[in-house]
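Reviewing the structure listed below.
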Amino acid sequence: MTELSAWLAATSASEWAASNLWVVPLFQSIHILGVAVVLTSMLMLDLRLLGVTGGRYTIAWLAAQFLPWMWWWMLIMLTTGVVMILSDPVRALTNPLFQLKMLLLAVVLTITLVSSKVLRAFAGTWDETPNPPFRARLVGLVSLVMWVAIVVAGRFIAYV
Amino acid sequence: MGSSFFEWLESSRLGTLIAEDPWLFPAIESVHVIALSLVVGSILMVDLRLLSVALRQRDVVELSNDVLPWTWMAFALALISGSALFVSSATSYAQNPAMQLKFVLLALAGINMVIFNLVTRRSIESWRSAPKPPRAAVAAGALSLTFWIGVIFAGRWVGFV
């Protein structure tokens, strides 16, 4: 990791990101906008999975509404994230909270991917009930907690 | 407002506690980020509907009724956490141009919402299910989007100015 970060730090992209003072705040702002989109989208879906919000819409319908936003915005988050890392690769990549955040992200995205497939198989059955089964509620809870943890870990990177 | 008011805030027990504790500020800041994300994210849903960009099949009134309670709860949380953060360095934040811009944009967003609710919404029964709302509603959505994205950017810039 230290070798990779040292190599990145020597690139001209890294120099660009570090020396142009408007780069980091701009890309961080876009990243925060992304947090707004992703967190709200996932909250809407997870609250439905938990049975907290009403059953007016089926889980499958809400997933179809909100998951594309999350997946598309992940690309933007990746791009803005890379630029932020480039501005100080050594500090970013070796930071334990950054590593925790990436781990949590990998796990929650995997859970989301797997759950989407399961949901597609069950669409039209239990996903219409306002009281989803235990496994669905568990996924909703774990997902929600993880997304919040990702945001908190992300904020703490600057302080550790 | 005189600088003595901000000095008073800053020297309060809350202000000094947050300023001096290394973990309290980032913890409150995290709450603020989550809260503001939910405020902007939820408002974005309504704005994108008004702009016919997303959620076109959803009835505007139903969507608002579903979403707005969350917006208000998140806003309350953002306000409380934001006030706590502000108090910790009140004099410096009060003079920070990015912070001042953020408050202006918040006020503009609020005014836009009031106008939309008092004026544009009056005709809502006729267009609530329409995929393309009338121009005044589209304008409200576009302005709202602009102001709230501006709030995010100005808020982030506070730490850099």
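Note that the structure is a prediction, hence the values are computed from the model and not measured. The chains referred to below are lettered A, B, ... by the order of the sequence lines, with proteins before strands, and numbering in each begins at 1.
The number of heavy-atom neighbours closer than 6.0 Å to CD of Q57(B), taken from other residues, nucleotides and ligands shown, is above 12. Counting heavy-atom neighbours within 6.0 Å of W16(A) CH2, excluding the residue itself, gives a total above 12. Taking a 6.0 Å sphere around CD of E15(A), one finds it holds 12 or fewer heavy atoms contributed by other residues, nucleotides or ligands. Around the CH2 atom of W7(A), the shell of radius 6.0 Å holds no more than 12 heavy atoms that belong to other residues, nucleotides or ligands.
Without hydrogens or angle criteria, R156(B) side chain to Q28(A) main chain gives no donor-acceptor distance under 3.5 Å. Panel note: side chain S143(A), backbone G140(A); no donor-acceptor pair is recorded below 3.5 Å. A distance-only check finds no donor-acceptor pair linking the side chain of T120(B) to the backbone of N117(B) [under 3.5 Å]. Under the 3.5 Å distance criterion, the side-chain polar atoms of T16(B) are matched with a main-chain donor or acceptor of R13(B). Not one N or O on the side chain of E10(B) forms a donor-acceptor pair closer than 3.5 Å with the backbone of G15(B). Side chain of S144(B) to backbone of A140(B): no donor-acceptor contact under 3.5 angstrom is found. A donor-acceptor pair under 3.5 Å links the side-chain atoms of D46(A) to the main chain of L144(A), judged by distance alone.
Looking at W148(B), there are no atoms closer than 4.5 Å to chain A (heavy atoms on both sides), in backbone or side chain. Proximity to chain B is limited to the side chain of L47(A), based on heavy atoms less than 4.5 angstrom apart. The contact between F153(B) and chain A is made by backbone and side chain atoms together, counting heavy-atom distances below 4.5 Å. For F156(A), the part lying near chain B is the side chain, with the backbone staying farther off; criterion is any non-hydrogen pair under 4.5 Å. Heavy atoms of L43(A) lying under 4.5 Å from chain B belong exclusively to its side chain. Looking at V151(A), only its side chain comes within 4.5 Å of chain B, counting heavy atoms on both sides.
Taking chain B as the reference chain and counting heavy-atom pairs below 4.5 Å, the highest number among L26(A), V148(A), L21(A) is found for L26(A).
Taking CG from L113(A) and CG from L109(A), the interatomic distance works out to 8.0 Å, rounded to the nearest 0.5 Å.
Heavy-atom proximity under 4.5 angstrom to chain B picks out F66(A), W69(A) from residues 66-102 of chain A. Residues from residues 23-45 of chain B that place a non-hydrogen atom less than 4.5 Å from a non-hydrogen atom of chain A comprise W23(B), F25(B), P26(B), A27(B), E29(B), S30(B), V33(B), I34(B), L36(B), S37(B), L38(B), V40(B), G41(B), S42(B), L44(B), M45(B), given in numerical order.
Note: the hydrophobic cluster containing W61(A) also contains I59(A) (ILVMFWY, side chain heavy atoms under 4.5 Å, direct or indirect links).
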